[in-house]
2 protein chains.
Amino acid sequence: MTCSADYAPELRSRGYRMTPQRLAILHVLHHSGKHLTPAQVYQKASRELDGLTEPTVYRTLEFLAENGLARPAHMGNGHLAYEIARHKHHHLKCRNCGNEMEVQHSLLEKLYRQLESASGYQLTDSHVTFFGLCPDCQRGE
Amino acid sequence: MTCSADYAPELRSRGYRMTPQRLAILHVLHHSGKHLTPAQVYQKASRELDGLTEPTVYRTLEFLAENGLARPAHMGNGHLAYEIARHKHHHLKCRNCGNEMEVQHSLLEKLYRQLESASGYQLTDSHVTFFGLCPDCQRGE
DNA sequence: CGTGTTATTGCAAAAAGTTGCAATAAGGAG
DNA sequence: CTCCTTATTGCAACTTTTTGCAATAACACG
Ligand SMILES: [Mn+2]
Ligand SMILES: [Mn+2]
Ligand SMILES: [Zn+2]
Ligand SMILES: [Zn+2]
C-alpha cells in the first residue's frame, strides 16, 4: 500500500492532512501512469474507497495539483486530465485523431529561460500541450 | 456593421452558412479584442441578437475556432476563453494574481520548427498559455 | 491515550456545458 | 422571386462541474 511514496509528511508539514480519499486518488494516479479524467479517477478510486464522492474527486485533484503531487494537462477541449507528478515533460497531440506523444522538457529549457528573463515572470508549470496534425493525419484527411 | 471583416464568403466557400447568430458573436469578439468566456459572449451577444441561446454560443465558438476565425485559449482552470483570430501570439499568465502578458510568436518559432522536424507533426495551434509567477507575486506572497 | 481545533468530506442544490431532435431559414438552382 | 436541400438553431433533457454548509475525522498537544 506504501507503493505510492509517503506523501503524508509532505502534506502535514504544510498544515494539510492525509486522508483515505487522498490516498486512494494518489494510488490510482500512481498506478495508472497516464493522464486520467476526473470521471476516470472517480470510477477507479471508488472501487478502492467505498463512499467516495465526485465533489471530493474534483477538489482533491485540484488540491494535489496545487501542491505539486499531481499535474493537470489540457486536453484541448477545455477539460483537464491529471497524472501523478514525475519528471518534467510536455505533450504533442493530434487535433484529428487524438494521438499523443511526449516532448522532453529539455527542448523547452532555452525558451523558458528566454521567457523568464524577458518578462520577469518565474515559470512554474512544465506541462504544456501543443497541438498539431500527426504524420498519418497529414496524409489521409 | 461590416466593421467585422466579411467572413461570409469564407464560410460559404466551405459549405457553411453565415447567420445572424454567427455574425453577432463575431461582432462581439471583434470589438472586445480580449479573451471572452462563453458566458461573457452570451451576455454581450444576447444584447445584439435577441433570442440567442447558450447552446448556440457554445457551438458557434467551437465552430469559429475550428474554422480559424476565433482562437480558444486555456485559462488554466481547464476552461476556455475565445478571441477573434488575429496575429499569432501566446500568453504568460500569473498563477497567483491572474495577470497576463502577451508573448510574441517569434520567440517560439525555433521551438516549433524543432518540434515539427523531430516529431513529424505539423503544428497547427499558435496560442499557448504558459503559467508562472509575475514579478510582483514573486515578492509579496 | 483522550481532547480540541479545524481541515476535509458528503450531501444537496446550483451552475455550467452538452446532446438529440424537430423546426427553421440560408442560399444555390431554376 | 420561388423552391428545395440541408446546415443551423432553439428547446428540453441530460451530464458534468462547482459551491455552501453542517457533520466528520485527522492529528497536534497535553
Ligand atoms: Mn503528461
Ligand atoms: Mn490570446
Ligand atoms: Zn492524427
Ligand atoms: Zn501575479
Side-chain angles (χ1 to χ4, degrees), chain A residues 1 6-28 35-67 69-70 72-82, chain B residues 1 6-28 35-67 69-70 72-82:
Chain A
M1 205 54 69
D6 203 353
Y7 296 116
E10 173 73 19
L11 291 183
R12 279 195 274 264
S13 73
R14 300 189 207 179
Y16 299 119
R17 299 171 184 176
M18 180 51 80
T19 66
Q21 291 82 356
R22 286 175 182 172
L23 227 305
I25 290 171
L26 279 167
H27 194 255
V28 163
H35 297 171
L36 295 178
T37 65
Q40 292 171 320
V41 171
Y42 172 67
Q43 189 194 6
K44 289 174 186 289
S46 291
R47 286 201 284 268
E48 298 193 15
L49 183 71
D50 199 53
L52 182 67
T53 64
E54 272 143 323
T56 295
V57 170
Y58 282 101
R59 284 190 282 222
T60 299
L61 288 172
E62 198 178 333
F63 168 85
L64 294 176
E66 275 171 356
N67 287 280
L69 305 190
H74 293 293
M75 305 301 291
N77 48 31
H79 291 184
L80 295 178
Y82 294 81
Chain B
M1 206 55 68
D6 203 351
Y7 295 116
E10 173 72 20
L11 291 182
R12 280 187 212 121
S13 73
R14 300 189 208 180
Y16 299 120
R17 298 171 184 176
M18 181 50 81
T19 67
Q21 292 83 353
R22 286 174 181 172
L23 228 307
I25 290 172
L26 280 167
H27 193 255
V28 163
H35 297 170
L36 296 178
T37 64
Q40 292 172 319
V41 171
Y42 172 67
Q43 189 194 7
K44 290 174 186 290
S46 291
R47 285 201 284 269
E48 299 193 13
L49 183 71
D50 200 53
L52 181 67
T53 64
E54 272 143 324
T56 296
V57 170
Y58 283 102
R59 284 189 282 223
T60 299
L61 288 172
E62 198 178 333
F63 168 85
L64 295 176
E66 275 170 357
N67 287 279
L69 305 189
H74 294 293
M75 304 302 291
N77 48 31
H79 293 184
L80 295 178
Y82 294 81

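Residue numbers begin at 1 in each chain, while the letters A, B, ... track the order of the sequences. Since the structure is predicted, the reported quantities are computational estimates derived from the model, not experimental observations.
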OP1 or OP2 of [N] versus the side-chain N and O atoms of [X]: is any pair under 4.0 Å?
| X | N | value |
| --- | --- | --- |
| Thr56(A) | dG10(C) | yes |
| His79(B) | dG17(C) | yes |
| Gln21(B) | dA25(C) | no |
| Thr53(B) | dT9(D) | no |

Write out all pairs satisfying side chain to side chain donor-acceptor pair (under 3.5 Å) with one or both partners inside residues 12-24 of chain A, taking only residues at least two apart or from two chains. Glu10(A)-Arg14(A), Arg14(A)-Asn67(A), Thr19(A)-Gln21(A)
Considering non-hydrogen atoms only, spot the tightest contact between [X] and [Y] and give its length.
| X | Y | answer |
| --- | --- | --- |
| Met18(A) | Tyr7(A) | CE-CB, 3.8 Å |
| Leu49(A) | Ala24(A) | CB-CB, 4.0 Å |
| Ala45(A) | Leu52(A) | CB-CD2, 3.5 Å |
| Gln40(B) | His35(B) | OE1-O, 4.1 Å |
| Ala70(B) | Pro72(B) | O-CD, 4.0 Å |

Protein-nucleotide distance ([X], atom [atom1]; [N], atom [atom2]), rounded to Å:
| X | N | atom1 | atom2 | answer |
| --- | --- | --- | --- | --- |
| Gln40(A) | dT15(D) | CD | P | 18 Å |
| Tyr58(B) | dT15(D) | OH | P | 18 Å |
| Gln43(A) | dT16(D) | CD | C1' | 15 Å |
| Asp50(B) | dT9(D) | CG | P | 16 Å |
| Glu54(B) | dA12(D) | CD | P | 14 Å |
| Leu49(A) | dG10(C) | CG | C1' | 12 Å |
| Leu64(A) | dT8(C) | CG | C1' | 13 Å |
| Leu61(A) | dT8(C) | CG | C1' | 15 Å |

Kindly indicate whether the side chain of Leu80(A), heavy atoms from C-beta on, has any atom under 4.5 Å from the side chain of Met75(A). no
Rounded distance (nearest 0.5 Å) linking atom CD1 of Ile25(B) with atom CD of Glu48(B): 10.0 Å
At how many degrees, to 10°, do the end axes of the helix from dC1(C)-dG30(D) to dG30(C)-dC1(D) meet when each uses five pairs? 30°
Residues Leu11(B), Leu69(B); criterion side-chain contact (heavy atoms from CB on, under 4.5 Å); working and verdict: CA-CA 10 Å; Leu11(B) 291 182; Leu69(B) 305 189; 4.0 Å; yes
Asp50(A), CG atom: more than 12 neighbouring heavy atoms under 6.0 Å: no
Judged by each residue's nearest nucleotide on DNA chain C, which is more toward the 5′ side, Arg22(A) or Asn77(A)? Arg22(A)
Picking from dT9(C), dG10(D), dT8(C), the nucleotide nearest the side-chain atoms of Phe63(A) would be dT8(C)
Comparing Gly15(B) and Ala39(A) on DNA chain D - which has the more 5′ nearest nucleotide: Gly15(B)
Scan nucleotides 20-30 of chain D nucleotide by nucleotide, 5' to 3', and note B when protein non-hydrogen atoms come under 4.0 Å of the base, S if they reach only the sugar-phosphate, - if neither. BB---BBSS--
